[in-house]
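Computed from heavy atoms alone, side chains included, the values below leave out hydrogens, waters and symmetry copies. We're numbering straight along the sequence, starting at 1.
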Amino acid sequence: MILSNYSSFDSITSIFTVLESGRTIQIDSLLFFTILSYAIGHLINFTSSITIERYANWKYSYPSKYLMNLNPDQKYWTGPIKIIIWKILLVFILLPITVQDYFLGEFFNFKEFYTRKADGFIIQMVKDKGLVLMEKLGSPITKSLRDYDFHRIFTHYVYENSKNHQAKLSNYVALYGFLRSLCLITVIFFWFAFLKFLEKIYIDKSLKVLESVDLIYLVLIAISSYLFFMAFMKFYRRYSLEGLMLIVIDENLVDSSKKRKILEE
C-alpha cells in the first residue's frame with residue numbers, strides 16, 4: 001500500500017507510524033523512478049533534436065526560411081564530406097521516416113501540409129518590418145534576410161514585447177518538442193520490432209512473412225513514426241509562423257520616412 005491509500009490521519013504521530021512501518025520503500029522507489037524518467041526524458045529530447053530536427057532542417061531548411069520562401073531549392077545531399085557522412089547515417093537511423101518522407105512527402109506532396117510557405121503579402125510585410133527592426137537594433141545594414149539567422153532575433157524581440165503571446169509560444173515549443181521525442185521513440189520501437197521480426201524468421205524457417213502478424217505491427221509502427229514526424233513539423237512551423245506574425249502586427253516597426261507600397265490586385 002502507498003500513503004495515498006490512507007484517507008485520513010488522526011495526528012502527526014499516526015503519520016510517522018505509517019512511515020516507520022516500512023512503506024517508505026515504495027515512496028523511495030517512486031522518487032527514483034521519477035528522477036530516472038526525468039533524466040531519460042531529457043536524453044530522448046536531446047537525441048531527437050540532433051536526429052529528427054536535424055534531418056528536418058537539412059531536408060527542408062528552417063521553418064522561418066521556407067515560410068518566407070527563402071532557399072526554396074534546399075538540397076539534402078550538400079555540404080562537406082563530414083556532413084554528408086552524418087546525413088547518410090541519419091537516413092539509415094531514421095529509415096521508417098526517411099523512406100515515407102521520400103515517397104509520401106515528395107511524390108504525393110504530403111510535405112505541403114507542413115512546409116507550406118506563407119502568403120505573399122505576409123512575406124513582404126515580414127521583410128519590410130524585419131529590416132526596420134534590424135535597423136532599430138543597430139545591426140549591420142543588409143537588404144536580404146536570406147543568409148542570416150533572423151528568426152532567433154525576431155523570437156527574442158516578440159517574446160520580450162508580446163507578453164500576451166508568451167504562453168502560446170511556449171505551448172508550441174512544448175508541443176513540437178514532445179512530438180519530436182515521440183517520433184524518435186517510435187523509430188526506436190520500429191528497429192526493436194524489426195530485429196525481433198528478423199529473429200523470428202530466422203528461427204521459424206516455415207514462417208510466411210506476408211501473413212505474419214508481426215509484419216502488420218511493424219508497418220503500423222512505421223506509419224506512426226511518420227505521423228508523429230508530420231505533427232512535429234506542423235507545430236514547428238506554427239511556432240515560427242507565430243513569431244513572424246507578431247512582427248507583422250507590431251505597430252512600432254513602421255518606417256514613416258518611406259512611402260508605403262501600393263500592391264496590385
Side-chain angles (χ1 to χ4, degrees), residues 45 48-49 52-76 78-79 105 109-180 229-265:
N45 184 56
S48 68
S49 70
I52 305 294
E53 187 172 334
R54 184 64 60 87
Y55 166 77
N57 292 336
W58 275 338
K59 179 71 183 295
Y60 298 108
S61 189
Y62 291 93
S64 56
K65 295 291 179 70
Y66 58 71
L67 276 165
M68 296 285 291
N69 201 31
L70 303 175
N71 306 326
D73 298 322
Q74 176 86 359
K75 303 296 183 183
Y76 185 77
T78 57
N109 207 30
F110 275 36
K111 65 180 182 180
E112 183 67 17
F113 293 120
Y114 48 82
T115 61
R116 186 174 66 256
K117 69 177 182 179
D119 178 77
F121 179 70
I122 293 175
I123 291 175
Q124 189 59 51
M125 287 196 69
V126 173
K127 287 180 178 179
D128 292 343
K129 291 204 167 190
L131 293 175
V132 173
L133 173 60
M134 294 297 189
E135 186 176 347
K136 285 188 174 184
L137 295 176
S139 67
I141 299 175
T142 175
K143 293 183 179 180
S144 173
L145 299 174
R146 184 181 304 277
D147 300 321
Y148 301 94
D149 188 8
F150 61 89
H151 189 256
R152 191 184 300 272
I153 299 172
F154 288 3
T155 301
H156 279 75
Y157 174 81
V158 298
Y159 196 83
E160 180 65 27
N161 294 278
S162 304
K163 304 296 183 183
N164 294 333
H165 295 267
Q166 287 181 354
K168 192 173 183 180
L169 287 169
S170 299
N171 285 338
Y172 279 145
V173 172
L175 276 170
Y176 84 68
F178 178 64
L179 289 165
R180 186 186 63 202
F229 177 74
M230 288 197 296
F232 152 66
M233 291 290 286
K234 172 186 174 182
F235 285 103
Y236 195 21
R237 179 184 179 277
R238 281 192 177 183
Y239 166 70
S240 299
L241 181 59
E242 183 72 15
L244 296 179
M245 288 304 300
L246 291 176
I247 291 291
V248 169
I249 65 173
D250 194 322
E251 298 177 354
N252 297 317
L253 299 178
V254 178
D255 189 352
S256 57
S257 64
K258 291 184 179 180
K259 189 175 181 179
R260 285 187 295 173
K261 298 178 181 178
I262 299 177
L263 300 179
E264 296 181 359
E265 293 185 359

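Applying the 6.0 Å contact sphere to NZ of Lys75 captures no more than 12 heavy atoms from other residues, nucleotides or ligands. Within a 6.0 Å sphere centred on OH of Tyr76, heavy atoms belonging to other residues, nucleotides or ligands number more than 12.
Annotation: side chain of Leu67 is not in contact with side chain of Val126 (no heavy-atom distance under 4.5 Å). Between Met68 and Leu244, the closest side-chain pair of non-hydrogen atoms falls below 4.5 Å. Residues Glu135 and Leu133 are not in side-chain contact: their nearest non-hydrogen atoms beyond the backbone lie 4.5 Å or more apart. By the 4.5 Å heavy-atom criterion applied to side chains, Tyr236 and Ile52 are not counted as neighbours. Here the side chains of Val158 and Glu242 are not in contact, with every heavy-atom distance at 4.5 Å or above. Considering only heavy atoms from C-beta on, Phe154 stays 4.5 Å or farther from Lys129 through its side chain. Looking at heavy atoms from C-beta onward, Phe150 lies in side-chain contact with Ser64 at the 4.5 angstrom threshold. Side-chain contact between Lys111 and Met233: absent, with no pair of heavy atoms (C-beta onward) separated by less than 4.5 Å.
Ala118 approaches Ile122 most closely through the heavy-atom pair CB-CG2, 4.4 Å. For Leu169 against Gly243, the heavy-atom pair with the smallest separation is CD2-N, 4.3 Å. Closest approach of Ser170 to Tyr159, counting heavy atoms only: OG-OH, 3.6 Å.
Ring planes of Tyr66 and Tyr60: perpendicular class, angle over 60° (limits at 30 and 60°).
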- Message: For Glu53 and Tyr176: C-alpha separation, side-chain torsions, deciding distance, then whether side chain to side chain donor-acceptor pair (under 3.5 Å) applies.
- Response: CA-CA 10 Å; Glu53 187 172 334; Tyr176 84 68; 5.0 Å; no
- Worked check of side-chain contact (heavy atoms from CB on, under 4.5 Å) between Ser240 and Tyr62: CA-CA 9 Å; Ser240 299; Tyr62 291 93; over 6 Å; no
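In this structure, the separation between CD on Gln74 and CG on Asn57 is 9.0 Å, given to the nearest 0.5 Å. Note that CG of Leu241 is 12.5 Å distant from NZ of Lys234, once rounded to the nearest 0.5 Å. With rounding to the nearest 0.5 angstrom, the OG atom of Ser48 is 10.5 Å from the CG atom of Leu179. Atom NZ of Lys127 sits about 6.0 Å away from atom CD of Gln124, to the nearest 0.5 Å. Here Asp73 contributes atom CG and Ser61 contributes atom OG; the two are 11.5 Å apart, rounded to the nearest 0.5 Å. Atom CZ of residue Phe178 and atom CG of residue Asn171 lie 13.5 Å apart, to the nearest 0.5 angstrom.
For Tyr114 and Phe232, the ring centers are positioned 6.0 Å apart or more.
Of the possible polar contacts, none joining the Arg238 side chain to the Tyr172 backbone as a donor-acceptor pair under 3.5 Å is found. Thr155 places no side-chain N or O within donor-acceptor distance of the main-chain N or O of Arg152, the cut-off being under 3.5 Å. Here the side chain of Lys117 pairs no donor or acceptor atom with the backbone of Ile123 at under 3.5 angstrom.
Considering Ile249, Asp250, Leu246, Ile247 in turn, Leu246 is the only one that fulfils the side-chain contact (heavy atoms from CB on, under 4.5 Å) rule with Ser162.
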